[in-house]
There are 2 protein chains.
Amino acid sequence: MAYPITFFTISTDVVLFSIRNERLEVLLVKRQGEIWKLPGGSLAVNEDLDASALRHLHEQAGLRGVYLEQLYTFGQPDRTPKNRIISVAYYALVPLQQLCLCGSSTDEKPCWFTMDNTLPASPDHSEIIAMAHRRLAAKLSYSTIALQFMPKRFTLSALQSVYEIILGETLDKRNFRKRVLSMGCIETTGEFSREGNHRPARLYRVKNPGKVEFIK
Amino acid sequence: MAYPITFFTISTDVVLFSIRNERLEVLLVKRQGEIWKLPGGSLAVNEDLDASALRHLHEQAGLRGVYLEQLYTFGQPDRTPKNRIISVAYYALVPLQQLCLCGSSTDEKPCWFTMDNTLPASPDHSEIIAMAHRRLAAKLSYSTIALQFMPKRFTLSALQSVYEIILGETLDKRNFRKRVLSMGCIETTGEFSREGNHRPARLYRVKNPGKVEFIK
DNA sequence: GCAAAAGTGTTCGAGATACACCCATGA
DNA sequence: TCATGGGTGTATCTCGAACACTTTTGC
C-alpha cells in the first residue's frame, strides 16, 4: 500500500426538523459553556451509522422513533477548528405534537430555533443545516415526506399548511386536496376536529406511517 | 463525554460509469491475487473526501477531470470481512472516448464490466454499485447529467442512445430532440459527423461542460 | 346573523405523446 | 438505385393552474 492507513474521528449529526408556531424549526443543543450545535456526536465501536444518529437524538433530545435519512458526509480537513472530524450528517422529521424534550439523559439543553439566518450554529453546522433544508424542500415535490410531520390524525388544512411553510408560498386549496388525495397515501378516519367557531374538519390518517413513497 | 472517542478507517470508493459497446459499464480494478473491487482506498491525512476519490481514480485508472458526486456513506460494522471500514462512496461519469486506462501508477488492473448481475464485485461493493445505478437513472429525468457521458462533439442520435441505454427503453426521436433542445444546454457546432453510408449528422457541443443543471 | 374555516367542480392552456415520411450520403 | 441513419411537424391527450361560492359551526 503506497499510503499509510490513518484513522479518523467520525461523528453523526442530525438536523431535526419540525413545524412549530407556523414555522419550520430546527433543534439545536447546548452544553454548559459551549455554543449551540446539532444533536450528534461520536460514532461508537461496532455501532451502525444510522443507529448512532438515532442514539444521539435519544440521548440529547429524548426522542425515539423519528424518521431519519442520511444527508451527506462532510469531511473538509479544516471544517472544524481543532481536530479533524468527519461528519456523517442526517436529517430527521418529527410530528408537530411529539415534542417532549424531557428525556435528555446528558446535560445537553435542547431548544427549537426558527429556520432563518439568525441560527446560532457554527459555520460547519450551518452548512449542514442549509443542505438539509434544500433537500427537504426538494423532496416535498417528489415524495410523501411531508406526512412525517403530521400527528396521528390531522386535517387537510393542517397538511396544506405544512407544505406552505416549507415551500414558502401559498397553495390553492382545491388543487392541493385533489393532488394529495390522488396520491392514495392518506385516508379519512371518520372523525372530525371540531374546534373553533366554524365547520368541523374531517380528520385523516397516513396509511403507511413510517413509509416515505415516491410520487408522480 | 459519556462515550470514549474512537477512531475509524475511512475509504473513498468510486463507481465509475461509462457507455461502451451500447451498454452501461462500470470500472473495477484488481490487484494481483485479489478480487475485483471499485477503484478507491484509504482517505489520507488532511485530504478532502472528494480529493481522495479523485486521487484514487487517477492512481488506479489514470483518469483526471471526471464528473464526480458523493453517493452515500456505508458503515455497517459487518459490511467488510476483516476490519470495519467506513466507505464514503462516490459515483463518476466519463465520456465514451476518454477511456485511456493507461496511466495506472500502481499495480491495479482496471477493467470495464457491463452492468448486470454478473459483476464480480464483493457484496459490499455490489450494494454501492446498485445504489449508484439507481441514482444515475433517477437523475437522468431531472438533470442534465447524461451530458457528462458525451465527448466534446456528438450527434443527437448518440445522446439519445445514452438515454436509452441507461433507462432501458427506446425513445421517440422527434420528441427526444424537441425536449433536449428546449433545455438550452447544448448548441450546434456547425460541423457534421460524416461517417457511414448515410446523411451526415449535425455535431453538437455542451454549453457548460462541467455543469450539471436541474431541469423541468 | 355573523364571522371563520371547511368543503367542493369546471374551464383553460401548456406540455407530453403518438405518429410517417423525405433527405443526404456511400457503396 | 439502394441501404442506412439523419432530420422534420401536427394532432391529440393529459395534467396542472386558475378560479368562487355554499356549508357548518360557535358566539
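Convention: sequence-line order gives letters A, B, ...; per-chain numbering from 1.
Positionally, the nearest nucleotide of DNA chain D for A201(B) lies more toward the 5' end than for the other of N197(A) and A201(B).
Contact annotation for S157(B): backbone-only contact, meaning every heavy-atom pair under 4.0 Å involves sugar-phosphate atoms and none involves a base. Using a 4.0 Å heavy-atom distance criterion, R179(B) is classed as making no nucleic acid contact.
In this structure, E169(A) atom CD and dA18(D) atom P are separated by 10 Å, rounded to whole Å. Rounding to whole angstrom units, CD of residue Q160(B) and P of dG6(D) are separated by 9 Å. Note: CD (E22(A)) to P (dA5(C)) measures 11 Å, nearest angstrom. Computed from coordinates, the F192(B) CZ to dT4(D) C1' distance equals 18 Å when rounded to whole Å. Spacing between atom NZ of K173(A) and atom P of dA18(D) amounts to 17 Å, rounded to whole angstrom units. Between H198(B) atom NE2 and dG26(C) atom P the separation is 10 Å, expressed in whole Å. In this structure, CZ of R177(B) is placed 17 Å from C1' of dA18(C), rounded to the nearest angstrom. Atom CG in L203(A) sits about 14 Å away from atom C1' in dG7(C), given to the nearest Å.
Within 3.5 Å, a donor on the side chain of N175(A) pairs with an acceptor on the base of dA18(D), or the reverse. If you check distances only, the side chain of R194(A) never reaches the base of dA6(C) with a donor-acceptor pair under 3.5 Å. For D172(B) against dC19(C), a side-chain N or O and a base N or O form a donor-acceptor pair under 3.5 Å. Side-chain N/O atoms of K178(B) and base N/O atoms of dA16(C) include no donor-acceptor pair closer than 3.5 Å.
Of the listed residues (R153(B), R205(B), R202(B), K152(B)), just one forms a salt bridge (charged side-chain N to carboxylate O under 4.0 Å, His left out) with E191(B), and that residue is R153(B).
In this structure, Y142(B) and F214(B) have parallel ring planes: the angle between them is below the 30° cut-off, well short of the 60° mark.
Taken from CG in N21(A) to CH2 in W112(A), the straight-line distance is 11.0 Å, to the nearest 0.5 Å.
Checking dT23(D), dT8(D), dA24(C) against every side-chain atom of R199(B), the shortest atom distance belongs to dA24(C).
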**Message:** Checking D13(A) against S87(A) for the side chain to side chain donor-acceptor pair (under 3.5 Å) test, could you report, in this order, the C-alpha distance in whole Å, the side-chain angles of both residues, the deciding distance, and whether it holds?
**Reply:** CA-CA 7 Å; D13(A) 297 294; S87(A) 169; 2.6 Å; yes
**Asked** So Y90(A) and E69(A), side chain to side chain donor-acceptor pair (under 3.5 Å) or not? Walk me through it.
**Response** CA-CA 6 Å; Y90(A) 284 79; E69(A) 200 172 312; over 6 Å; no
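Contact check, R202(B) against dG6(D): no side-chain N or O comes under 4.0 Å of OP1 or OP2.
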